[in-house]
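This report concerns only the one structure given below.
Values in this document were obtained by computation on a predicted structure and should not be read as measured data.
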Amino acid sequence: MKTRQLGVLFVAGGSAVMLLPYYLHHSGGFDFGDWGGGHKGELHERVRERQALADLAAEIAAEEEKAIQRLTQAAKGKGVSGAQVKQAVKQVEDQVRSDAKQTVLVKPHHKPLAAKIEAKIEQKARALGGLGGGPGARGGVHRKASPGAAKLPHEAPLLVPESERRGVRGKLVCGREDRSDSEVIYWREVPGDSAYESPVTPHHHEHGETYLTFAYDQGGWNNIRMSIEIMLVTAHAMGRTLVAPPVQNLYLLGKPEVDPKTGKRKQRPLGFEDFFDLERLKGQKGFHAMSMRDFLGKEAADKLSSGQERTLKGPALPGNNTDLWGRQLWDFIAKAADIKPAWGGTVLALPASLEHLNGEGDGGKGTGFDDPAVERRLKKFAGPRRLVYYDTKLQEAKLLYFPAGGSHRLLQHHYAFNFFADPRQQSFYKRFIRDYLRYQDAIQCAGDELVRLVREDVKQIAKARQETFVRRGEGFDSNNDSTASSRRGPGAATGELPYYALHVRRGDFQFKDVKISASEIVENIGDLIPRGSVVYISTDDPKGICEGCVYKRKPCPTGAAASATPGCIEDPSWQGFTDAGWEVRFLGDYLKRGALKGVNANFHGMVESIVCSRAELFVGTWWSTFTGYIHRLRGYHGLGEATYYHTTGRRNNARAKESVGHGFSREFRSGWTDDAGSLI
């Protein structure tokens, strides 16, 4: 039988007296006693209702054990007797059981149930022994003490217990169709995560609004994505509103769109909301965001939309233009910013709570980093990198601005840049990126479509092969066939047939040694993929001509001359793959068959990453952040260990020993596991 704690904070005379834990027992749901008999269908419905209530209750409150012990000790100092505690536990538990039992029978999934239970907790709390107050801290919300009252200790944030952090499977809607059964879903809905606010800083209802903005990285899409992840985590942890850059032309994402009505092709600039669901992000209680236009209107224009006086430093907004763009915009932002962090190659260390911020005589480090366990974690995390400690100067700055280049560039993974003294916070932010910063449903749905088509090809090939054996009068051993469903992999649980995937980066890629021929790739990793397998090839060179490959800014020579030229390939064709007996598939094969209609061509790479993430085994290109992100997606799916590199000498680097993950050349297990190695 599991025990779930919910905490109630009692306040007497404006100061914290105690944190009252009461226990709701459940085994596959709450133990509400014998609800009586009934037929089998009704019994199943009751079980479902109990579990629904358990899921809702998990969102109400989950105070940490240390906070409970600390505040209970404080209660003893105020003369609260054990009998009062016992009586309070019983009364609150009885009332909540009674109220929940009746409510869940009527509307088992009704969200107001959570608020209703909290109201009951507050009502009972105020009735006990003259104690006043309300429900316990939820999601890190801070309450101001009355005048003259002692300061409350920082309330423990709502962090999900390890036993519950797996949550439930996420959802996907494609058009009007519920596709929540799709195999591409890796994101989870974890009770409590949606309400979590950072304990490192006061929250928005207690202080004037502060901001963080940034310029997009000048590299390819996955370099941009990596910097966006760091910006989101940093803004959330600091309690800042993220100001999204305006739309612009992004590197390698300049393919024109086709108007479905007129058939005309037109290029348009792209921005944050083209790729990610900003409204979903805003649904997370601790995350706040706005457009650059709204920010300029609120904080920079001559006549502010907020009606308040302008508080940004620097010159006036040029032309009072809230649609400012390009260099003129970033020059203005640079002058208006209080701090422009030059944090390339550093670690940002954040304490576990506001009380640990910038400790006296600690050189700005903060007292929260004195703990030996924290020191050990930080030393391992940072390695030789310089440490930047979050301090009062950073906290009080109105606007932080991260330019894209030089020492300001943050080309690394969020889980290797932001260090949290509390390892549970470290895990939360990994889940935050996994569950909230995911591609728009339209992109995920396109990925689902393409995965289904690839799997259908595998089935058709297996069927044709079996029919051939029958015609020849030979036996067909599915266990030895490369398309057999008995193999262990992402399709094994559902009986889906396996396919394999490769990412082969060529073109203008600056790392010349990774550009090798198909026959060399087969030589390096061919033993991993059986003959007859369907192999999906994601590449920027589908024609097999080393398109875009250059040496000293000139197109690569062809034939024998190419073999002696760095970054050029003597035989760039894909013949080596077919010679290996592979059934090769490219994105173009499916586009010709009418797949991905209406999908912006600039999203095709993202769609392909989804296809590769679901392969039985994936082999990528060393140094490529596109390959790296596929590796992380596979980690989310539990397939991270079935990932390799075809680059000579790098075959097994994806499964190298545990590392914090500094650098961009690959992704690391720490992106989808916690400090103990468990999945986040």
Side-chain angles (χ1 to χ4, degrees), residues 215-227 248-256 267 270 326-327 344-345 403-412 502-525 537-577 586-588 601-602 604-605 608-609 619-630 644-651 653-654 662-667:
Y216 287 127
D217 189 273
Q218 297 304 300
W221 165 248
N222 281 285
N223 293 4
I224 295 170
R225 174 192 51 76
M226 287 166 63
S227 67
Q248 64 186 72
N249 297 319
L250 301 174
Y251 178 59
L252 297 180
L253 293 177
K255 297 186 178 85
Q267 183 179 349
L270 300 169
R327 178 171 293 183
S407 61
H408 304 283
R409 191 185 192 197
L410 295 174
L411 186 59
Q412 56 183 306
L502 269 71
H503 169 230
V504 184
R505 179 74 159 92
R506 288 178 173 176
D508 65 345
F509 204 39
Q510 67 267 44
F511 301 103
K512 309 298 184 185
D513 60 331
V514 307
K515 300 178 188 179
I516 58 178
S517 68
S519 58
E520 288 177 277
I521 290 175
V522 171
E523 184 178 341
N524 290 341
I525 55 88
I537 310 294
S538 174
T539 182
D540 56 349
D541 183 34
K543 297 177 184 177
I545 58 175
C546 211
E547 188 171 7
C549 296
V550 296
Y551 176 66
K552 293 185 177 181
R553 299 186 179 181
K554 294 182 180 180
C556 280
T558 58
S563 62
T565 308
C568 302
I569 307 171
E570 182 176 356
D571 177 14
S573 75
W574 304 116
Q575 185 63 41
F577 293 158
F586 295 90
L587 175 63
N602 292 296
H604 284 173
E608 288 195 277
S609 70
V619 185
T621 302
W622 179 250
W623 294 115
S624 167
T625 52
F626 180 82
T627 279
Y629 191 52
I630 293 170
Y644 298 80
Y645 290 102
H646 56 68
T647 307
T648 303
R650 301 287 188 178
R651 170 172 161 147
N653 281 26
H662 176 51
F664 69 92
S665 59
R666 52 163 287 209
E667 290 270 355

Looking only at non-hydrogen atoms, find the nearest pair between [X] and [Y] and report the distance.
{"X": "A215", "Y": "A404", "value": "O-CB, 3.9 Å"}
{"X": "V619", "Y": "Y645", "value": "CG1-C, 3.6 Å"}
{"X": "V514", "Y": "W622", "value": "CG1-O, 3.6 Å"}
{"X": "I224", "Y": "L250", "value": "CD1-CD2, 4.1 Å"}
{"X": "T625", "Y": "M226", "value": "CG2-SD, 3.7 Å"}
{"X": "T565", "Y": "P557", "value": "OG1-CG, 3.5 Å"}

- Item | Verdict with reasoning, T648 to D513, per side chain to side chain contact (heavy atoms under 4.5 Å, CB included) | CA-CA 8 Å; T648 303; D513 60 331; over 6 Å; no
- Message: Run V504 and W574 through side chain to side chain contact (heavy atoms under 4.5 Å, CB included) and show every step you take.
- Response: CA-CA 11 Å; V504 184; W574 304 116; 3.7 Å; yes
In Å, rounded to the nearest 0.5 Å, how long is the span from [atom1] of [X] to [atom2] of [Y]?
{"X": "W221", "Y": "Y251", "atom1": "CH2", "atom2": "OH", "answer": "15.5 Å"}
{"X": "L410", "Y": "F664", "atom1": "CG", "atom2": "CZ", "answer": "13.5 Å"}
{"X": "Y216", "Y": "L253", "atom1": "OH", "atom2": "CG", "answer": "11.0 Å"}
{"X": "S624", "Y": "R666", "atom1": "OG", "atom2": "CZ", "answer": "14.0 Å"}
{"X": "H604", "Y": "S538", "atom1": "NE2", "atom2": "OG", "answer": "11.5 Å"}
{"X": "C556", "Y": "I569", "atom1": "SG", "atom2": "CD1", "answer": "8.0 Å"}

Keeping [X] on the side-chain end and [Y] on the backbone end, is there a donor-acceptor pair under 3.5 Å?
{"X": "K515", "Y": "Q510", "value": "no"}
{"X": "R409", "Y": "D217", "value": "no"}
{"X": "D540", "Y": "R505", "value": "no"}
{"X": "D508", "Y": "V550", "value": "no"}

- Message: Using side-chain heavy atoms (C-beta onward) and a distance below 4.5 Å, is S517 in contact with E570?
- Response: no
- Side-chain heavy atoms of N524 within contact of R651, under 4.5 Å: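 No, their side chains stay 4.5 Å or more apart.
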- Test item: side-chain donor near acceptor, H503 and T627, under 3.5 Å: yes
- Query: Do T539 and D541 have side-chain N/O donor and acceptor atoms under 3.5 Å apart?
  - Reply: no
- Does the side chain to side chain contact (heavy atoms under 4.5 Å, CB included) test come out yes or no for I545 and T558, once each step is laid out? CA-CA 9 Å; I545 58 175; T558 58; over 6 Å; no
- Query: Is the number of heavy atoms from other residues, nucleotides or ligands under 6.0 Å of E523 CD greater than 12?
  - Reply: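 Not buried by this count: 12 neighbours or fewer within 6.0 Å.
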- Query: Just wondering, are more than 12 heavy atoms of other shown residues or ligands nearer than 6.0 Å to NZ in K543?
  - Reply: no
- Query: SG-SG distance between C568 and C546 under 2.5 Å?
  - Reply: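 No, the SG atoms are not under 2.5 Å apart.
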- Query: Do F511 and T647 pass the side chain to side chain contact (heavy atoms under 4.5 Å, CB included) test, and can you show the C-alpha distance, the side-chain angles, and the key distance before you say yes or no?
  - Reply: CA-CA 11 Å; F511 301 103; T647 307; over 6 Å; no
- Cation-pi, Y629 ring and R225 (6.0 angstrom, 45 degrees):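 Yes; both conditions hold, so R225 lies above the ring face of Y629.
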